[in-house]
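For reference, the structure is listed below as C-alpha cells.
Counting convention: from 1, in listed order, for ligands and their atoms alike. Any value given below was found using the heavy atoms of this structure, including those in side chains, with hydrogens, waters and symmetry copies removed.
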Amino acid sequence: MTESLTVLGLESSCDDTAAAVVRLVDGTEPMILSSVVHGQTDLHSAFGGVVPEIAARAHAEKLDVSVRQALEQAGVGLDKLDAVAVTAGPGLIGGVMSGVMCAKGIAAATGLPLIGVNHLAGHALTPRLTDRVGYPYLMLLVSGGHCQYLIVRGPQAFTRLGGTIDDAPGEAFDKTARLLGLPQPGGPSVEAEGRLGDPKRFRFPRPLLDRPDCNLSFSGLKTALMRMRDQLVAEQRGLTRQDRADLCAGFQAAVVDTLAEKTRRAIAIYLEDNPATPMLAVAGGVAANAAIRSALEKVCGETGIGFVAPPLRLCTDNAAMIAYAGIELFLTGARDGMTLSARPRWPLDQNSPALLGSGKKGAKA
Ligand code: KG4
Ligand code: ZN
C-alpha cells in the first residue's frame, strides 16, 4: 500500500485568494480536506474589471488568513504536509508573485518541497480530482479569462487544439450584460434574461465557423449586439424588456452554436488518438450555463464520448485544483527551489503558437 500524500495549495493569479489541502490516500484516492476561497468582486466592481494593483494588495493581505483557515479546516498542521504547491502563472503578475512569495516563505520555514503549478494545468487536471478521468481526455476551458481546447495526456503533457483569438466567452457575456444594463457577472444575467427571448429575432454571426480549425472568436458578437442595440435605440428611443430578452437569447444561441461546432471538430481530432475511454471535460465559470452544457452533452452523445462537468466550485478558480496538480507533479518527481519565479504568461502547450488577446482577467496563455 502506498502512503498518503498531503499537499497545501495556494492560488492568487486573478481575483480569488485561495488555499486548500488535498490528500491522495493510498496513492490513488484524492480527497479535498479543505478549500478556502476569498473573492475580491466587491473591491473591483466599481471599476468594471479587475484592477491588478488592488488585486495584488488584497492577495498579500488575504494569503496568510487563507492558509491558516485551510489548515484549520483540514485539521492538519504544517508538520503533516508533504509539499506546498502554488500557482506560478499565468495571470496578473502582482497576484502570482504574492502567492509565490507566501509559498516560498512556508517552504523556507518548514523545509517542505515547493512545487510551482501552471494555473491552467490546475483547471485541466480537475476532472481527475473530481471524477478520476483517465488520460488522455479532451478538455474545454471556458471562463472569463480562458477559452481553449486541450488534449490532456499527463500532468505536464498537453496538446492545444485551439482557443479564442480575442475575448473569452465569459468576458463576452459580461460585456453583453454591460451593454444591456444588466448586472454583473454577465453570464447568469444574460442567461436568465435570454430565457424569455426569441433567439431567432436577431441574426448574430457564427464567428470562424468558415475556418476548419478549433479557434474561436467572441468579440464580434459583442460588436454585433452593440449595433443592434444602437439601431433599436435610434428607431424607438429605447429598449423594451422583450428587445433585451431577444438580444440575450440571440447572443447566447450564437455562443452555443459556435462552441458546439468547434467542440465537434476538437473531438474528431482527439479521437484520432484512439483513447480507451474517450471523454470531454469542461471547466470554468461559463460551464455553469445550462444551454452551453446541454449542447456540449449533446455533441458528446452524438460522437459517442463521455461528458464530465466538475461541480462549479471546482470549475471556477480555487486552490484544491492547484494542490491536486501539485500532487500529480510531486509524483513525477517535479520540485522547485527558491528560484521559482512568477510568470505572467505560461502556455500549457509550449509547441503551439501564442494566442492573441488579453482579457479583463489578464493574459490568455
Ligand atoms: O471561471 P470563472 O469563475 O472566473 C474566471 O474567469 O477565472 O468564470 C467567470 C465567468 C464570468 O465571465 C461569468 O460571466 C461567466 O463565467 N459565467 C457564465 C455563467 N455563469 C458564470 N457565463 C454564461 N452563463 C452562465 N450561467
Ligand atoms: Zn482560472
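Taking all atoms of both residues into account, the shortest heavy-atom contact from Val282 to Pro310 is O-CD, 3.1 Å.
Set against the non-hydrogen atoms of Gly284, the atoms of ligand 1 under 4.0 Å away are 1 (O). Set against the non-hydrogen atoms of Gly144, the atoms of ligand 1 under 4.0 Å away are 5 (C), 6 (O), 8 (O), 9 (C), 10 (C), 12 (O). For ligand 1 and Asp317, the ligand atoms under 4.0 Å from any heavy atom of the residue are 7 (O). Shown in contact with Ser143 at under 4.0 Å from a heavy atom are these atoms of ligand 1, numbered in order with element: 1 (O), 5 (C), 6 (O), 8 (O). Atom numbering of ligand 1 starts at 1 in the shown order; those under 4.0 Å from a heavy atom of Asp174 are 11 (C), 12 (O), 13 (C), 14 (O). Remark: ligand 1 atoms within the under-4.0 Å shell around heavy atoms of Val286 are 15 (C), 16 (O), 18 (C), 22 (N).
Judged by distance alone, the side chain of Tyr270 and the main-chain N or O of Met279 form a donor-acceptor pair under 3.5 Å. Between the side chain of His59 and the main chain of Cys14, a donor-acceptor pair closer than 3.5 Å is present. Side chain of Asp349 to backbone of Pro347: no donor-acceptor contact under 3.5 angstrom is found. With hydrogens and angles ignored, the 3.5 Å screen pairs no side-chain donor or acceptor of Asp26 with any backbone N or O of Thr28. In this structure, the side chain of Asp246 does not engage the main chain of Gly197 through any donor-acceptor pair within 3.5 Å.
Considering backbone and side-chain atoms alike, Glu191 places an N or O below 3.5 Å from some N or O of ligand 1. The shortest N/O to N/O separation between Gly170 and ligand 1 falls below 3.5 Å. Annotation: Gly145 places an N or O atom under 3.5 Å from an N or O atom of ligand 1; distance criterion only. At under 3.5 Å, a nitrogen or oxygen of Gly285, whether backbone or side chain, sits near a nitrogen or oxygen of ligand 1.
The side chain to side chain contact (heavy atoms under 4.5 Å, CB included) with Leu8 is formed by just one residue from the set Leu112, Val84, Ile322, Val86; it is Val84.
Proximity of Gly186 to ligand 1 is established by a heavy-atom distance of less than 4.0 Å.
Within a radius of less than 2.8 Å around the Zn ion (ligand 2), the protein N, O or S atoms are His119 NE2, His123 NE2, His146 NE2, Asp317 OD1.
By the salt bridge (charged side-chain N to carboxylate O under 4.0 Å, His left out) test, Arg293 pairs with no residue at all, sequence neighbours left out.
Ion pairing between a basic and an acidic side chain is recognised when a charged N comes within 4.0 Å of a carboxylate O; Glu191 and Arg195 show such pairing.
Other residues, nucleotides and ligands place more than 12 heavy atoms under 6.0 Å from the NZ atom of Lys175.
The distance between the ring centers of Phe173 and Phe251 falls below 6.0 angstrom.
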